[in-house]
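First listed ligand is number 1; within each ligand, the first listed atom is number 1.
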Amino acid sequence: MTASRILFVCLGNICRSPSAEGVFRHMAAAEGLEVTVDSCGTGAWHLGEPPSPAAITAARARGYDLSALRARQLQAADFTRFDRILVMDRANLRDARALRPPGGTEPELFLAHAPQHGQDVPDPWYTGDYEGALDMIEDAARGLIAALR
Ligand code: 4NP
């Protein structure tokens with residue numbers, strides 16, 4: 001295994017990245033992978049809040065518990081604390097790169113691990129499509145696990 005500290009990043013940290021955190025943690029545990037998993041947002045609107053009720057409900061129906069997660073904001077120290085930083089879309093990539101200190105972990109698109117879905121996980125906060133986002137996140141989580149082996 002090449003990395004053990006994994007950070008998922010989106011905009012608000014209440015829909016996509018907490019979903020990715022919950023999905024990936026669950027799958028990694030099922031595979032016996034020892035990983036530290038966290039998530040955060042590039043924005044500060046929802047600091048300290050749980051994931052959106054719709055995100056919690058959609059994830060719970062697939063067996064993922066997001067209820068204990070709380071939103072926090074991406075910070076410069078994350079680029080040395082985490083081995084892999086997976087972002088949900090190209091705007092997140094741009095914003096994360098702007099915060100990255102020299103020598104810090106390079107952020108990467110999460111969907112690079114499920115390229116059949118394109119580059120961006122559409123934001124269900126705006127689209128309402130929590131199921132579609134979870135489909136993409138599950139596929140990318142499987143791809144990332146395969147890449148970590
Ligand atoms: P997320 O969705 O980035 O998937 O957590 C968002 C949720 C809320 C906002 C933006 C994105 N917001 O601006 O409030």
Side-chain angles (χ1 to χ4, degrees), residues 3 5-30 33 35-101 104-148:
R5 299 169 300 167
I6 301 195
L7 181 65
F8 295 101
V9 180
C10 65
L11 178 58
N13 195 209
I14 58 168
C15 297
R16 294 165 296 172
S17 65
S19 299
E21 178 183 351
V23 167
F24 188 81
R25 181 177 287 122
H26 184 96
M27 288 186 180
L33 288 181
V35 287
T36 298
V37 190
D38 195 7
S39 67
C40 64
T42 59
W45 300 283
H46 298 281
L47 301 185
E49 295 179 18
S52 79
I56 290 176
T57 299
R60 182 180 292 132
R62 300 189 189 201
Y64 312 113
D65 181 9
L66 310 185
S67 62
L69 305 182
R70 296 294 180 268
R72 73 170 181 89
Q73 191 171 21
L74 180 65
Q75 52 188 279
D78 288 320
F79 294 83
T80 49
R81 290 195 185 121
F82 291 91
D83 306 303
R84 301 289 289 259
I85 299 178
L86 290 307
V87 305
M88 296 298 138
D89 62 31
R90 285 167 287 179
N92 304 153
L93 189 61
R94 203 167 48 239
D95 293 340
R97 280 178 172 156
L99 265 180
R100 175 182 162 269
T105 295
E106 288 270 12
E108 56 185 306
L109 286 169
F110 188 33
L111 286 189
H113 298 281
Q116 70 272 27
H117 293 302
Q119 294 185 283
D120 301 333
V121 181
D123 194 337
W125 181 258
Y126 301 108
T127 67
D129 187 7
Y130 287 85
E131 297 302 331
L134 276 173
D135 290 342
M136 294 182 184
I137 287 165
E138 286 182 328
D139 285 343
R142 285 186 203 101
L144 178 58
I145 284 172
L148 291 174

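For ligand 1, the atoms closer than 4.0 angstrom to any heavy atom of Cys15 are 1 (P), 2 (O), 4 (O), 5 (O).
Taking a cutoff of 4.0 Å between a charged side-chain nitrogen and a carboxylate oxygen, Asp78 and Arg5 do not qualify as a salt bridge. The pair Asp38-Arg81 does not count as a salt bridge, with every side-chain nitrogen at least 4.0 angstrom from each carboxylate oxygen.
Paired with Ser17 under the rule side-chain contact (heavy atoms from CB on, under 4.5 Å), one option of Cys40, Pro51, Cys10 passes, and it is Cys10.
Side-chain atoms of Asn92 and Asp95 include no donor-acceptor pair closer than 3.5 Å.
At a 4.0 Å heavy-atom cut-off, ligand 1 does not touch Met88 at all. Using a 4.0 Å cut-off between heavy atoms, Ile14 contacts ligand 1 through both its backbone and its side chain.
Ranked by closest heavy atom to atom 6 (C) of ligand 1, the top entry among Asn13, Asp123, Leu11, Asp89 is Asp123.
With respect to atom 14 (O) of ligand 1, the closest heavy atom belonging to the protein is His46 NE2, 2.6 Å. The closest protein non-hydrogen atom to atom 1 (P) of ligand 1 is Cys10 SG, 3.5 Å.
The CG atom of Leu69 lies 4.5 Å from the CD atom of Glu21; values are rounded to the nearest 0.5 Å.
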